[in-house]
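Numbering of ligands and ligand atoms starts at 1, following listing order. Just so you know, residue 1 is the first one in the sequence shown, and it goes up from there.
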Amino acid sequence: MNAIKMVSLNGDPSAVPAEAVVGLQAALRGRLIHPGDADYDQTRTIWNAMIDKRPALIARCSGAADVMVAVNFVREHNVLASVRGGGHNIAGTALCDGGLLIDLSGMRAVHVDLRARIARVGPGATLGDFDHEAQAFGLATPLGINSTTGVAGLTLGGGFGWLSRKYGLAIDNLRSADMVTADGGLRRVSPDHNADLFWAIRGGGGNFGVVTSFEFDLHPVGPEVLSGLVVHPLAAGREVLAHYRECAQDFSDDLAVWFVLRKAPPLPFLPAEAHGKEMVILAACYAGDLSKGEAELEPLRSFGKPVADVIGPRPYVEWQSFIDPLLTPGARNYWKSHNFTELSDELIAVLLEYAGNLPSDQTQIVMDRLGGAINRVPCAATAYPHRDVEFVLNVHTRWESPSQDQTCIAWARKFFHDTAPHATGSVYVNFIPEDEARVPNAYGANYERLKTLKNKYDPQNLFRVNQNLGR
Ligand SMILES: Cc1cc2nc3c(=O)[nH]c(=O)nc-3n(C[C@H](O)[C@H](O)[C@H](O)COP(=O)(O)OP(=O)(O)OC[C@H]3O[C@@H](n4cnc5c(N)ncnc54)[C@H](O)[C@@H]3O)c2cc1C
């Protein structure tokens with residue numbers, strides 16, 4: 001066997017001796033996959049089809065010991081590495097060209113400890129895996145809105161979803177984690193152990209090491225939540241969104257209502273005449289007493305003339321995958337994102353203008369509603385800094401054919417530019433596509449402290465394929 005060509009940490013080509021690669025395979029419990037192996041392409045495929053990177057080697061880790069072996073290999077041979085959890089990151093940071101992919105996607109165990117009311121979660125678990133186990137006991141923790149997203153990457157960036165106004169971000173419910181740091185050691189991080197690292201991983205992304213296990217608090221949720229969509233034609237958008245803004249001021253923390261501007265997909269609960277037409281979609285989840293939820297949602301639901309209202313009690317796990325059909329893997333996706341503290345008339349006007357001029361049938365303008373419990377945590381308490389943000393815009397451009405790349409990306413960038421005057425300038429680290437210049441804005445007031453910790457725990461910047469603090 002010849003030496004393996006890899007890419008070194010500084011980007012130069014590097015030849016790793018054959019015996020080192022043989023030694024790596026021997027030391028792993030999981031498999032080492034090479035280009036040319038039957039499952040190489042499948043293993044390097046991630047959610048966003050825009051990303052086509054070719055790792056030199058893929059270590060399919062089976063547990064923390066495999067992760068330690070992989071990290072030691074990376075450090076000893078000075079090679080580039082990336083870390084894959086659920087493979088959903090829009091920027092494709094799960095993969096690297098020519099390096100070692102530390103693939104955690106097989107480590108999907110979720111263990112619910114009912115006595116302690118916590119869940120121990122493997123780094124390859126998806127939100128669907130988590131909810132499946134926790135909801136068997138009527139429990140949940142705040143995660144995201146699409147069941148195939150990875151718990152790991154979502155949590156390390158902050159993590160918000162339908163329950164976050166009530167229970168905070170995913171990181172606000174993280175009790176501890178086990179992680180392999182750049183020295184190859186496994187550390188427990190919690191308020192009592194390595195507290196500075198525990199602070200850093202709650203919003204600092206994958207910069208500090210590879211998390212091999214998360215421990216979350218659980219809360220009673222459901223099993224049914226009052227949830228669903230109210231759909232209005234775009235022509236009524238200005239009135240509907242102004243009314244939404246007014247109602248939203250009075251919403252309790254039990255209620256999260258996000259909105260989406262897009263062409264109506266051909267889903268069975270939407271009337272056929274609406275399909276393909278631009279719509280304003282209010283997506284609601286009330287995570288408390290169902291009858292109180294009915295009363296709280298009434299002013300929003302009784303407004304105007306919606307083309308559909310499919311809000312009703314449904315199992316929490318069903319709601320957690322309700323939007324999955326619109327977010328399947330394999331399409332081409334490009335995102336831009338802004339944070340807002342308010343929804344001004346001027347901002348609404350720009351949103352509606354662009355909603356009338358979408359570049360593809362699948363493109364959606366998504367406004368996530370934050371606030372509530374998220375914003376009651378001080379900015380310096382965790383690395384995630386955006387505790388003043390009320391709304392997060394995700395310009396989610398999505399299409400099928402490479403021939404549409406230019407048009408769709410140009411549209412997203414122009415839209416991003418035109419909404420910028422109304423935004424805070426900060427950005428959610430998990431929504432950045434490729435723009436290194438925005439990394440300081442993602443870490444905000446906590447940027448300098450994070451850089452100091454990065455230098456302390458990863459001075460070589462081994463963990464650099466991410467929204468990186470080491471540059
Ligand atoms: C369809 C869709 C819906 C989404 N919805 C939401 C939402 O509702 N709320 C929300 O907050 N976010 C949401 N996101 C964004 C999501 O949080 C990020 O894409 C996140 O990076 C996904 O995590 P992952 O494990 O799937 O990603 P991956 O691509 O596998 O990983 C992303 C990065 O995280 C780091 N990482 C992953 N695992 C580990 C680990 N174990 N140890 C150390 N570093 C690690 C690495 O740096 C890696 O490059 C959504 C994304 C998509 C595509």
- line: Contacts of F130 meeting ring-ring contact (aromatic ring centres under 6.0 Å, His included) (sequence neighbours excluded), chain-then-number -> F216
Name each donor-acceptor pair under 3.5 Å that joins a side chain in residues 99-107 to protein atoms two or more places apart or in another chain, with its distance.
residue	atom	partner	partner atom	Å
D103	OD1	S105	N	2.9
D103	OD1	S105	OG	2.7
D103	OD2	R60	NH1	2.8
D103	OD2	S105	OG	3.4
S105	OG	R60	NH1	2.9

message: On the six-membered ring of F198, is R202 placed so that its NZ or CZ lies under 6.0 angstrom from the centre and within 45° of the ring axis?
response: yes
- prompt: Which protein residues have a heavy atom closer than 4.0 Å to any atom of ligand 1, listed by chain and number?
  reply: W47, V83, R84, G85, G86, G87, H88, N89, T93, A94, L104, P123, G144, I145, N146, T149, G150, A152, G153, L154, L156, G159, F160, G206, G209, V210, V211, L327, W335, Y428, N430, F431, V465, N466
- request: Test the R369-F391 pair against the cation-pi criterion, namely NZ or CZ under 6.0 angstrom from the six-membered ring centroid and within 45° of the ring axis.
  value: yes
query: Can you list every ring pair (Phe, Tyr, Trp, His ring centres under 6.0 Å) pair that touches residues 147-194, not counting sequence neighbours?
result: F160-Y428, F160-F431, W162-W258, W162-W319, Y167-H219
message: Please identify which of these residues, I90, T363, I51, meets the side chain to side chain contact (heavy atoms under 4.5 Å, CB included) condition with N333.
response: I90
